[in-house]
Every structure is written in C-alpha cells, then in structure tokens.
There are 2 protein chains.
Amino acid sequence: MDEIAGHGDEEGAAPGCADALADDLGWGLGMIFRAYVKAAHAAVADLPGGPRGYQVLSAAAQGTVASQLALAQHLGVDRTVMTYLLDDLEAASLIERRPDPTDRRARRIVATPKGNELLGSLNDRLGAAEAHLLAPLGTGTGDTFRAQVRLLATRLDVLDPADSPCDLADAVDSEIPAPRQTGRSAPSR
Amino acid sequence: MDEIAGHGDEEGAAPGCADALADDLGWGLGMIFRAYVKAAHAAVADLPGGPRGYQVLSAAAQGTVASQLALAQHLGVDRTVMTYLLDDLEAASLIERRPDPTDRRARRIVATPKGNELLGSLNDRLGAAEAHLLAPLGTGTGDTFRAQVRLLATRLDVLDPADSPCDLADAVDSEIPAPRQTGRSAPSR
DNA sequence: TATTGTTATACTCTATAACTATA
DNA sequence: TATAGTTATAGAGTATAACAATA
C-alpha cells in the first residue's frame with residue numbers, strides 16, 4: 001500500500017500529553033503497529049521473511065493451505081511476494097511446496113519437521129513480545145484488547161466485501177473463483 | 001521500517017473462521033491497520049501526503065510544533081521525509097514554515113487559514129471512516145477500543161525508552177538535547 | 001478462456017550520507 | 001563541535017506485466 005512507518009523518537013514524555021494526535025485513531029494504530037513490527041522482527045530474529053515469514057510458517061503448520069494464492073490473500077500480500085517468501089522459507093527447509101492432487105497448478109504449503117520445531121520456539125518468543133507490548137494495559141485489559149483486535153480483524157469484511165480475512169480453511173474444500181479486485185483509491189500525486 | 005502491507009482478498013468468509021492466524025496479534029493488527037490506511041487514504045482523498053499529511057496538518061493547526069524535527073519524531077518518520085511532506089503541504093498553501101525567533105535554524109509549522117478550513121472537513125470525513133471501521137465492535141466497545149489504543153500508544157515508551165510519543169508540546173518550551181538513537185535490530189538478511 | 005505460479009521490470013517509499021546555516 | 005533543515009543517492013519493498021503450465 002503506502003506509508004506510515006518510520007523509526008525512533010526522542011525522550012521527554014509527559015504523563016498528560018494532551019495533544020490532538022493522541023486522539024487520532026490512525027496515529028495510535030500506527031504507533032502500536034510500528035512497535036509491534038519492531039518487537040516481532042527482533043523476536044523472530046533470522047527467520048526468512050521476518051514477522052510475515054512467521055505467519056506463513058504458522059499457516060503452513062496447520063496444513064490447511066490450499067494454495068499459495070489463498071495464503072497470499074489471507075495474509076494480505078501479493079502472490080508475487082508469496083513466491084519470494086516461500087522461496088526463502090523452502091531454502092531454509094522450513095516449508096515444502098507439494099503438488100495439489102486435485103489441481104496440478106496449485107501447490108499445497110506444508111511445514112517440515114524442522115519448521116514445526118522452529119515454530120514452537122517462535123511462538124514462545126512472539127508470545128512474550130506480545131505480552132510485553134500489551135503490558136501497559138494490564139493482564140485483564142490486555143486480553144480484552146486481544147479479543148477486540150481479533151473480532152475486528154475477522155469482521156472487516158462487513159466494511160469492504162472485497163476484504164475478507166477468512167478464506168484459508170474454506171478454500172481447501174470449496175474452490176471459489178474469486179473475482180480479482182483491481183480498483184484502488186487514487187494516490188495524492 | 002519494512003513490510004506487512006498489501007491489498008485485497010477474495011470472498012467466502014466463514015463466521016467461525018477458527019485458524020491460528022486469527023489468534024495472532026500481529027495478523028490482527030496488520031489487518032486492522034491496513035484497513036484503516038486504506039479507508040483513511042480514501043477519506044483524505046487528494047491531500048498531499050495522504051493520511052500522514054493529515055497528521056501533519058492536524059499538529060500544525062494546534063500551533064504547538066516547535067520544529068520539523070520534533071514533528072517528525074512525534075509522527076515516527078525520518079526528518080528527511082518530513083521535508084518532502086511539508087514541501088507538498090506548503091505548495092498547497094495548507095501550512096507555512098515560520099522561522100523560530102529563538103533558534104534561527106528551526107522552523108515552526110503553522111496551518112494557514114485554508115489549511116484550518118480543510119482540516120475541518122477532513123476531521124469529519126476521517127471521523128466517519130473511523131466510526132465505520134470500528135462499527136463491528138458496537139458503539140460502547142468501539143469507544144473502549146479507542147481508549148485502549150490511545151493508552152497503549154502513549155505508554156509505549158515504558159517498553160522502549162527510546163520510543164516516546166509525547167515530545168511535541170513539551171519540546172516547545174523546553175529544548176531537550178535528545179541523544180540521537182541509531183541502534184536498530186538486525187534485519188533478516 | 002481463465003487461473004496458478006513464476007519471472008522480470010518499474011515504481012514507491014524509506015534509509016543513509018553529504019551539505020549549508022545556525023547554535 | 002553539535003544541531004535543524006535540505007538535497008542527493010542508494011536500498012528495500014511492492015506493484016505491474018508478461019510468461020508457461022494447467023484447468
């Protein structure tokens with residue numbers, strides 16, 4: 001897509017901090033998302049593809065990935081990006097591309113034993129990083145926040161019908177033609 | 001920073017959708033953030049800089065922007081990016097760079113009358129877009145979510161002391177040397 | 001003819017390094 | 001010497017278009 005990602009700040013934070021940006025949902029989401037990506041990137045360390053490589057590996061370990069395209073759409077990336085991502089993960093012997101017996105064009109993505117083993121430690125490290133990120137909310141509110149994020153992410157399709165998140169497990173047993181959407185909001189310049 | 005941004009999906013969402021990715025905080029945050037950026041981009045339409053241009057304009061309208069650097073750090077972008085951003089906004093007569101009487105190196109960023117006027121309608125449109133995004137949560141939970149996002153975003157500094165969000169208003173009256181942080185977590189490859 | 005996956009190319013955005021002027 | 005702002009360059013990441021294999 002486009003922007004909203006950067007790096008560090010300086011110090012001198014005030015407790016009150018009553019500026020308009022703090023009331024801006026976009027600013028808050030950007031701050032949190034940026035902090036998460038930073039923490040997640042450190043947590044997965046040398047995993048090919050960074051945090052997104054983890055998402056691919058995690059999905060592959062479930063054995064429900066019908067095709068590269070379905071996985072790419074589920075993660076919200078282009079299918080060409082998925083090719084590079086899988087190339088790196090396969091080169092690291094973490095996942096495998098297996099031919100789909102019902103469609104020789106498609107490739108099922110499965111995790112290797114090595115991939116499953118690594119996934120275990122990655123889950124632990126990412127879980128710790130997430131807990132650290134949500135620490136300011138406290139335990140109870142942190143769980144509430146997680147639930148809200150999950151609910152919101154899985155219900156985004158009611159806003160934009162072309163953006164539905166849950167097509168992974170479904171696409172396995174039901175092959176939907178999926179009309180390709182190409183419309184984009186015009187950029188600034 | 002780096003990745004996690006893409007585009008559309010296909011349809012066929014199941015209500016249950018019980019896959020591991022939905023439990024992944026990073027996946028959820030990515031989905032929400034991506035949807036927000038998409039909606040915000042459409043809401044601000046032809047504003048130079050897109051959603052980030054709005055954040056700059058919003059901060060400028062407050063009259064508390066001590067310098068371009070302070071604003072850049074507050075928004076989490078590089079100071080070089082801020083130059084381009086302000087160039088475009090100034091060319092559109094939405095903001096002005098005024099010399100700081102106390103430091104002839106720094107530039108105060110203020111919104112022009114035209115910028116303030118535009119900001120009003122942008123606030124309306126963005127507010128509607130945000131409400132639409134949070135609609136699946138319901139009114140009460142939506143406000144709770146907003147509050148949690150705000151709280152989390154303004155308390156991220158307890159995690160990484162080098163990343164504090166509230167240095168905008170403070171930097172106006174107290175000039176802090178601010179040791180430049182250059183350390184970065186090593187990327188995958 | 002349409003779709004999956006791959007490859008090559010171009011574009012956008014970001015990061016790094018200079019440079020000027022001030023302090 | 002250090003900092004604010006600018007500019008130029010290089011790099012990472014992404015999107016677009018073409019292609020081969022299959023449906």
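The chains referred to below are lettered A, B, ... by the order of the sequence lines, with proteins before strands, and numbering in each begins at 1.
- Here dT6(C) presents its P atom at 11 Å from CG of Leu69(A), a figure rounded to the nearest Å.
- One can place CG of Asp87(B) at 14 Å from C1' of dA8(D), the figure rounded to the nearest angstrom.
- The distance from atom CG of Leu85(A) to atom P of dA12(D) is 16 Å, rounded to the nearest whole Å.
- Sequence order on DNA chain D of the closest nucleotides to Arg97(B) and Thr80(A) puts Arg97(B) first from the 5' end.
- With respect to Phe33(B), the ring-ring contact (aromatic ring centres under 6.0 Å, His included) criterion is satisfied by exactly one of Trp27(A), Phe33(A), Tyr36(A): Phe33(A).
- If you run side-chain contact (heavy atoms from CB on, under 4.5 Å) between Leu94(B) and each of Leu89(B), Asn116(B), Leu119(B), only Leu89(B) comes through.
- In terms of heavy-atom proximity, Gly53(B) sits nearest to Leu47(B) at C-CD2, 3.7 Å.
- Contact check, Arg52(A) against dT14(D): a side-chain N or O comes under 4.0 Å of OP1 or OP2.
- For Tyr84(A), taking side-chain heavy atoms from C-beta onward, the closest of the listed nucleotides dT9(C), dT6(C), dG5(D) is dT9(C).
- Phosphate contact (OP1/OP2 of dG5(D), side-chain N/O of Thr83(B), threshold under 4.0 Å): absent.
- Across His74(B) and Met31(A), no two heavy atoms sit closer than the pair O-SD, 4.4 Å.
- Nucleotide dG5(D) holds its C1' atom 16 Å from the CG atom of Leu89(B), rounded to whole Å.
- Rounded to whole angstrom, the span from the CE atom of Met82(A) across to the C1' atom of dT4(C) amounts to 13 Å.
- Interface remark: the Arg79(A) side chain does form a donor-acceptor pair with the dG5(C) base, using a distance-only criterion of under 3.5 Å.
- The interatomic distance linking Leu86(A) (CG) with dT4(C) (P) rounds to 15 Å, in whole Å.
- Here Ser67(B) lies in heavy-atom contact (under 4.0 Å) with sugar-phosphate atoms only.
- Nucleotide dT7(D) holds its P atom 15 Å from the CG atom of Asp78(B), rounded to whole Å.
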Could you write out each protein N or O paired with an N or O of nucleotides 20-23 of chain D at a distance under 3.5 Å?
from    : atom 1 : to        : atom 2 : distance (Å)
dA23(D) : OP1    : Arg104(A) : N      : 3.0

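- With sequence neighbours excluded, the residues that form a salt bridge (charged side-chain N to carboxylate O under 4.0 Å, His left out) with Glu90(A) are Arg97(A).
- A straight line from CD of Gln68(B) to P of dT22(C) spans 14 Å, rounded to a whole angstrom.
- Closest approach of Leu134(B) to Gly142(B), counting heavy atoms only: CD1-O, 4.0 Å.
- Of all heavy-atom pairs between Gly28(B) and Ala153(A), the closest is CA-CB, 3.7 Å.
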